[in-house]
Amino acid sequence: MAHLRFPSHRLPAATLVLSLLALLLLAACNGGGKKAGEPGGSELADSNPGTPASGRSWAGKDPSPEFPGGLTWFNVQQPPTITGLKGKVVLLDFWTLGCINCQHIIPDLKRLEAEFGDALVVIGVHSGKYATEHDDDSVREAIKRYGLEHPVVNDPDFVFWRTFGANAWPTLVLIDPAGNLVGGHAGEGVYPLFQPILASLVAEFEAKGAVSRAPFPLALEATTASTVLSYPGEVLADERGGRLFIADSGHNRILVASLDGKLERAIGTGREGFADGGAAEAAFRQPQGLALSDDGATLYVADTRNHAVRAVELATGNVTTIAGTGHQLDRLPRGEAKARETALASPWDVLVHEGTLFVSMAGVHQIWALDLATGNIAVFAGTSREGIDDGDRLTRATLAQPSGLATDGRYLYWVDPESSSVRRVPFAGQGDVETLAGTGLFDYGDVDGDPKTARLQHPQGVAFANGTLYVGDTYNHKIRTVDAANWRVGTAAGTGDRGWRDGTAAAGALDEPSGVSFARGKLYIADTNNHLVRTFDPADGTLGTVRLSNLADASGAPGARTEQATLPAQVVAPGAATLRITVTSPAGFHLNSLAPSRLALSSSNNAVIEPGEREIAWSSDEGAVSIPVPVSLGEGAATLTALGAVYYCRSGEEALCFIQQVELTLPVTVAKGASGGELALSYTLPPGP
């Protein structure tokens, strides 16, 4: 790792205002100071060297500038201020949502938040690199996708960035409980650097009675309903076997379906983790890329956030780890290394070619090759310096967060999101890397045409079919094409505006399409922010949606939070009666007959309330259901509980369906002399995201 220094105090606020243009020329996603073999990390000027172990005070000396106004904030009841944060240690995280290095430090930030509790407030400052990343909607989706539970501000014009002198993605700036600047750091390696400094600051200011442990008021950007899919990152269409594999990234699992969308099984518990075992025991962490063995028996998975590659034996559903240790690498391998003992860095996609599994190693800007026979892994292309240089694949070529992979049998193709480019290299020999489309780390747009003038914006998926590369042009919300013969770039589908709409290619809408795969004349698309799988038919130029069925196989989606609701208490007379259960969809939605909704009924005291049925189920496309259940009532007080899952869809967008886990409680008093009538358990489902 690079030697990192941390100043005891920073320069006065006026000198923190730096030229944005100069910063952008110097900084790339990796922090601008990374050396080959040293992922992440760069130095800042240190006018007062020291280490956390030196025992000196880390309190700042110069007041922090106030936060700029007029910006959109998320996860807060009202925008925070430096004055209002007095008593808290504040850590500003300058990030951009597509940057892999920014994503790498999220676990470090969450670990610090858990360790220091209410003494620490992390504030994400989203200073987006790409035009699409400037949209409030893009930032809101990223907050949900990455599970950020701290304040986030959208800084599209780099006002925050200039005020605090950020110089790369990510940059961290620390402010002490007195509101003074402590210092800053650009790059990864956040937890081991900041933890001892935070501990020292909290102890020092707590001894003065100057640390506030009052909870910071949050208003999280979250909904209780969960889509059947959650931010699917990749699809793999198996033409020979008629199967569709879906990386249900937000639900931390893999779904297996038929090509027409009938779900067959889920692989993985759905809870974040790193565990091998059977389909119901194995755990993933936001898996992305998928590849199928030549015999169709094994599915390979790029388990991105676990920094590992997994293999799924499809006959049994058993999952094993074939590369990676579960930890992010801190140095590159030299030559061949045992894959199972070698740490990886955010593997994004995988591809099988002649007994070798190629892995796009987004976190170190390289492509690696895993020999499936020997279990050895080695670098295949990329120096590990971020860039868009062509040439010798190992000694000269630079890549920029390589993601989706594809092949025509002769070449390995991939997309580099951070240079908005499409690249290739021959499998055989020591051939050079070539750029088919894209010109620089900060050159992007939405332009068709020849390779020198065409522009894409942060593409993440690519597939090859019939002489054409189909590209998931993620931030342009389009499917683009690259002619493999003349490298001319075109548009296949999408208006360029985010949305969900089937129809002609020119009128259809997508929302950050990522993975793409071709089978039986159709392109299958992971339409990530729409939580859907879409299709594009080149023959008739239409964009469609795969309507998933047999949804009971997805009922265990862990992203569906349980909605707990206590209903108004009721008083009824003893005797035989009826419990009427009514479940209503919100305005603009309807219930979903493609999956059986169920509620299990239980009583805290069967002598007071005894349901005649213990489970009710229904399949309906109506706006509501009303089901009578016989009950026996005796004198006393008890609570009736209904626990289960309800399925419903947005009207007009029937493919966008939701699963709501519910736990409804109804307090009941049974007393002589009370009026008769029936018990009523009524519940209206929440709107989806």
Side-chain angles (χ1 to χ4, degrees), residues 6 8-10 52 57-69 71-95 102-103 105-126 139-140 142-155 160 164 170-185 189-224 272 561 564:
F6 201 94
S8 62
H9 66 279
R10 294 294 296 148
S57 170
W58 286 92
K61 297 180 181 179
D62 301 304
S64 168
E66 188 52 82
F67 296 158
L71 301 174
T72 302
W73 285 82
F74 303 90
N75 282 348
V76 293
Q77 298 175 8
Q78 60 184 12
T81 64
I82 288 293
T83 301
L85 288 165
K86 291 288 181 66
K88 305 285 189 186
V89 180
V90 178
L91 185 59
L92 302 180
D93 168 32
F94 289 84
W95 63 295
C102 300
Q103 296 166 28
I105 72 167
I106 291 174
D108 281 5
L109 295 175
K110 291 183 176 181
R111 186 177 175 188
L112 291 170
E113 289 174 304
E115 185 170 336
F116 291 97
D118 291 321
L120 170 68
V121 175
V122 174
I123 295 178
V125 183
H126 187 269
V139 179
R140 182 178 290 108
I143 290 168
K144 294 178 183 178
R145 189 187 310 185
Y146 301 144
L148 304 183
E149 296 186 349
H150 54 244
V152 175
V153 60
N154 189 12
D155 182 35
F160 240 106
F164 285 89
T171 288
L172 287 299
V173 174
L174 187 61
I175 301 169
D176 71 21
N180 292 326
L181 290 163
V182 176
H185 162 71
V190 168
Y191 180 85
L193 178 61
F194 279 87
Q195 191 280 338
I197 298 170
L198 288 171
S200 175
L201 282 171
V202 171
E204 177 181 350
F205 279 85
E206 206 151 39
K208 305 173 186 177
V211 170
S212 169
R213 296 276 182 177
F216 182 85
L218 294 172
L220 299 182
E221 298 281 323
T223 59
T224 54
E272 281 198 353
R561 298 186 182 184
Q564 296 178 318

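Values below: all heavy atoms of this structure, side chains included; hydrogens, waters and symmetry mates excluded.
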Note: Asp118 and Ala214 closest approach over all heavy atoms is CB-O, 4.0 Å
Relative to each other, are the rings of Phe160 and Trp73 parallel, tilted or perpendicular (30° and 60° limits)? perpendicular
So salt bridge (Lys or Arg N to Asp or Glu O under 4.0 Å) across residues 83-93, not counting sequence neighbours, yields none
Between Leu85 and Phe216, does a side chain to side chain contact (heavy atoms under 4.5 Å, CB included) hold up when you go through it step by step? CA-CA 9 Å; Leu85 288 165; Phe216 182 85; 3.5 Å; yes
With sequence neighbours excluded, what pairs up with Tyr146 under the ring-ring contact (aromatic ring centres under 6.0 Å, His included) test? none
When rounded to the nearest 0.5 angstrom, what is the spacing between NE2 in His126 and CZ in Arg140? 13.0 Å
Under 4.5 Å between any side-chain heavy atoms of Val89 and Ile175, yes or no? no
Any heavy-atom pair between the side chains of Leu109 and Leu91 that's under 4.5 Å? yes
Rounded at 0.5 Å granularity, tell me how far CZ in Phe194 sits from CZ in Phe116. 11.5 Å
For a quick test of reading the model, state the closest non-hydrogen atom pair linking Pro177 to Ala210 and the distance between them. CB-O, 3.7 Å
The criterion is salt bridge (charged side-chain N to carboxylate O under 4.0 Å, His left out); which residues satisfy it with Glu115, sequence neighbours excluded? none
Could you go through Ile105 and Tyr191, starting from their C-alpha distance and side-chain angles, then the distance that decides it, and tell me whether this counts as side chain to side chain contact (heavy atoms under 4.5 Å, CB included)? CA-CA 8 Å; Ile105 72 167; Tyr191 180 85; over 6 Å; no
List the atom of Ser64, the atom of Ile82, and the distance in Å for their closest heavy-atom pair. OG-CD1, 3.5 Å
When rounded to the nearest 0.5 Å, the distance separating CG of Leu220 from NZ of Lys144 is 11.5 Å
Which distance, rounded to the nearest 0.5 Å, do you find between the CD of Gln195 and the CG of Leu112? 7.0 Å
Does Thr72 have any side-chain hydrogen bond (donor to acceptor under 3.5 Å, both in side chains) partners at least two apart in sequence or in another chain, and if so, which? Asp136
Mind checking the CG-CD1 spacing from Asn75 to Ile143? Nearest 0.5 Å is all I need. 5.0 Å
With sequence neighbours excluded, residues passing side-chain hydrogen bond (donor to acceptor under 3.5 Å, both in side chains) with Arg213: Glu206
Between Pro217 and Val76, is there a side-chain heavy-atom distance shorter than 4.5 Å? no
Minimum heavy-atom distance Asp108-Val190, with the two atoms named: OD2-N, 3.3 Å
If you apply the rule side chain to side chain contact (heavy atoms under 4.5 Å, CB included), what do you find for Ile123 with Val90, and how did you get there? CA-CA 7 Å; Ile123 295 178; Val90 178; 4.1 Å; yes
About how many Å separate CG of Asn180 and NZ of Lys61, when rounded to the nearest 0.5 Å? 11.0 Å
Is there a side-chain contact between Leu148 and Trp95 (heavy atoms, below 4.5 Å)? yes
Not counting sequence neighbours, which residues clear side-chain hydrogen bond (donor to acceptor under 3.5 Å, both in side chains) with Asp176? List them please. none
Heavy-atom closest pair (Asn154 atom, Phe74 atom, distance to 0.1 Å) is CB-CE1, 4.1 Å
Can you find a heavy atom in the side chain of Pro65 that is under 4.5 Å from one in the side chain of Phe164? yes
Can you name the residues that form a salt bridge (charged side-chain N to carboxylate O under 4.0 Å, His left out) with Arg145, not counting sequence neighbours? Glu512
Please enumerate all residues that pass salt bridge (charged side-chain N to carboxylate O under 4.0 Å, His left out) together with Glu66, with sequence neighbours excluded. none
Walk me through whether Leu198 and Leu120 qualify under side chain to side chain contact (heavy atoms under 4.5 Å, CB included). CA-CA 8 Å; Leu198 288 171; Leu120 170 68; 4.1 Å; yes
With sequence neighbours left out, the residues meeting ring-ring contact (aromatic ring centres under 6.0 Å, His included) with Phe94 are none
Any Ile197 side-chain heavy atom under 4.5 Å of Leu174 side chain: yes
Are any side-chain N or O atoms of Asp62 and backbone N or O atoms of Leu181, one a donor and one an acceptor, separated by less than 3.5 Å? no
Listed partners of Ala219 passing side chain to side chain contact (heavy atoms under 4.5 Å, CB included), at least two apart: Gln77
Search all heavy atoms of Pro80 against all heavy atoms of Phe67 and return the closest pair with its distance. O-CD1, 3.4 Å
